[in-house]
Structure formats: structure tokens, C-alpha cells
Amino acid sequence: MRKPIIAGNWKMYKTSGEALELVNGLKSELKGESAVDIVVCPPFTAIAKVADALKGSNIGYGAQDMYWEEEGAFTGEVAPKMITDLGCGYCIIGHSERRTYFHETNDTVNKKVKAALKHGLTPIVCVGERLEERDSGKTFDVVKDHVEGGLSGLTKEDALKVVIAYEPVWAIGTGRTATPEQAQEVHKYIRSLLGKMFGEEVSSKVRIQYGGSVKPDNVKAIMAGPDIDGALVGGASLNVKDFAEIVRQSKR
Ligand code: 13P
């Protein structure tokens, strides 16, 4: 039985003071909640404060991106050990906004996934098609390309540590969620791909989140899909009540 995992991607929102307020609210709302793995991914600048606030709590935290090199002359980048040093357990990798605006490719995603695993981080690897790709019947091809490219060269042991987030780009920040059937269809496909790459035993254990306009009032229907193991939440993760309700609605 896969334990649900709900992660909040705060994107480029929240100064550290605002982040602290949000995380303190979540801490009290979600106290003792243990049936779901709960994760928040603040911007880099707020991670240290969030980490302090979350000490000893049931809420995990991570970064939204990182570079793959150990250290060096890479102005503006953040190394894996800089985030593990802050106690991060997770790192979102290959979000569609990074692929679109910052030219990330399957190759850079793959390097980051490997670096994350090397440093003991759980990579949350984002995959998903754009609207024109869905409309032209290319959804499965794109998802296959992202999954195979992003996870290329991983051992079975590594693959077990990965979380995949299926985020159809057309559903992100648009209020237009995939229907539960559309989401389940792709999640099932991703699980079958993982089966071909790493074997059935691994694929049956890897958690696959859905992301794209997840809200308190649609998460239950989405989570009903047998291959859907959680959500990667953007907008609604910036609101204490909404995110806490999404967590509560995700219990199996
Ligand atoms: P929204 O929930 O705002 O659509 O964002 C989804 C997302 O991109 C999470 O990574």
C-alpha cells in the first residue's frame, strides 16, 4: 500500500516572514496527521526559517530546484549539499516552468535526479504534456520521453526512492484540472512504463502524484484513481486552510 504524499510547491511566492506565517499555520492545522506524507517546498530564501519552524514536526520540506554539481563557479545556482545542509528531504526537479522558462531538458533533469539521489534527497520528478501535445494525441509520447529521459540510468534501488509528479501543463494555474479519468489514465501509463524500466515490484511501489489546479473540492475525486498517490499543489498550497484540507481529503 503506497502512502499518499501531498507536497506544496510555493513557487516564487512568500518572503521568509510570510513563509514562517504560512508554515506555522500548517503546523497547527496538521498536527498529528500521520496518514499522509506532507511536504512543503518554499523558495530557497525561506528554507532556513521554515526548517527551524518545522523541527520535530510531521511536515517535511524541500527545495524547488537545485544544480547537479557539487560546488563551483556557477553563479546563481544552489548545490545539493546546500539544501541538505538545511535539512531538506526533497527536491522538485524538472517542473514544467523550469522546462519552459529556464530551458531544462530531460538531460538536465536526469543529472539533477542523480545528484539528488546521491545526496539522499527524494526527487519529485515532474512530467507532463502541453495543451497542443494533448490535442494532437501526443500525451503518452511526451510522458514516455520525460519519464525515460528523467530516470535514465537509475538502478532499481534508486527508482524506489523517486516520486513522480504528473502535471499536465494545461492544468497548471489555469483552474482547468484534468478529469479524474484523464489523470488515472496517464498515471496507469506511467506505472506501466516504470514496470518496463525497473520491473513490476518497483513500479508497484513508486508514488505518482497528480498536479494541476488541485483544490480541496477536487482532490478526493482525483485521489480515487488507483494509481494516484498524492498531489503536487501550487496555488492552493499558499493557503493554510486549503492545503490542510487537501491533506485531510487525501487519506486512504
Ligand atoms: P497549481 O496548483 O497552481 O495549478 O500549480 C500546480 C503546480 O505547478 C505544482 O507544481
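This one's a predicted model, so the numbers in the text were calculated from it and none came from an experiment. Every number for a ligand or one of its atoms is a count from 1 in the order of the listing. FYI, side chains are in, hydrogens and waters are out, and symmetry mates aren't considered; it's all heavy atoms of this structure.
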Enquirer: Considering only non-hydrogen protein atoms, determine which one is nearest to atom 2 (O) of ligand 1 and report residue, atom name and distance to 0.1 Å.
Expert: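 Protein heavy atom with the smallest distance to atom 2 (O) of ligand 1: Gly234 N, 2.9 Å.
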
Enquirer: Under 4.0 Å, heavy atoms only, figure out whether ligand 1 is touched by the backbone of Leu232, its side chain, both or neither.
Expert: both

Enquirer: With a cut-off of 4.0 Å, which atoms of ligand 1 are near a heavy atom of Asn9?
Expert: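 Close to Asn9: 9 (C), 10 (O).
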
Enquirer: Are Glu70 and His119 linked by a side-chain donor-acceptor pair shorter than 3.5 Å?
Expert: yes

Enquirer: Are Lys49 and Glu18 close enough for a salt bridge, meaning some N to O gap below 4.0 Å?
Expert: no

Enquirer: Any N/O of His95 closer than 3.5 Å to an N/O of ligand 1?
Expert: yes

Enquirer: Just checking, any donor-acceptor pair under 3.5 angstrom between side chains of Ser204 and Arg191?
Expert: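 Judged by distance alone, the side chains do not pair up.
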
Enquirer: Is there a donor-acceptor contact under 3.5 Å linking the side chains of Glu167 and His95?
Expert: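 Yes.
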
Enquirer: Which of the atoms in ligand 1, numbered in the order shown and given with their element, are less than 4.0 Å from a heavy-atom of Ile172?
Expert: 4 (O), 5 (O), 6 (C), 8 (O)

Enquirer: Provide the number and element of each atom of ligand 1 under 4.0 Å from a heavy atom of Ser213.
Expert: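 Selected atoms, number and element: 1 (P), 2 (O), 4 (O).
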
Enquirer: Hey, is Lys215 close enough to Glu245 for a salt bridge, meaning N to O under 4.0 Å?
Expert: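 No, this pair does not count.
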
Enquirer: Under a 3.5 Å cutoff, is there a donor and acceptor pairing between the side chains of Glu129 and Trp170?
Expert: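 Note: Glu129 and Trp170 side chains meet the donor-acceptor criterion.
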
Enquirer: Is Gly173 in contact with ligand 1, taking contact as a heavy-atom separation below 4.0 Å?
Expert: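 A heavy atom of Gly173 does come that close to ligand 1.
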
Enquirer: Do Asp227 and Gln184 have a side chain donor and acceptor closer than 3.5 Å?
Expert: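 Judged by distance alone, the side chains do pair up.
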
Enquirer: Taking 4.0 angstrom as the limit and counting only heavy atoms of Gly235, give me the atoms of ligand 1 inside it, by number and element.
Expert: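 Every atom of ligand 1 under 4.0 Å from some heavy atom of Gly235: 1 (P), 2 (O), 3 (O).
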
Enquirer: Going by heavy atoms, is Gly212 under 4.0 Å from ligand 1?
Expert: yes

Enquirer: Work out whether the distance between some heavy atom of Lys11 and some atom of ligand 1 is less than 4.0 Å.
Expert: yes

Enquirer: Which atoms from ligand 1 have a heavy atom of Glu167 less than 4.0 Å away?
Expert: 6 (C), 7 (C), 8 (O), 9 (C), 10 (O)

Enquirer: Can a side-chain donor-acceptor contact be found between Ser152 and Asn110 if the only test is distance below 3.5 angstrom?
Expert: no

Enquirer: Hey, which atoms in ligand 1 end up nearer than 4.0 Å to a heavy atom of Ala171?
Expert: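 Under 4.0 Å from Ala171, ligand 1 has these atoms: 4 (O).
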
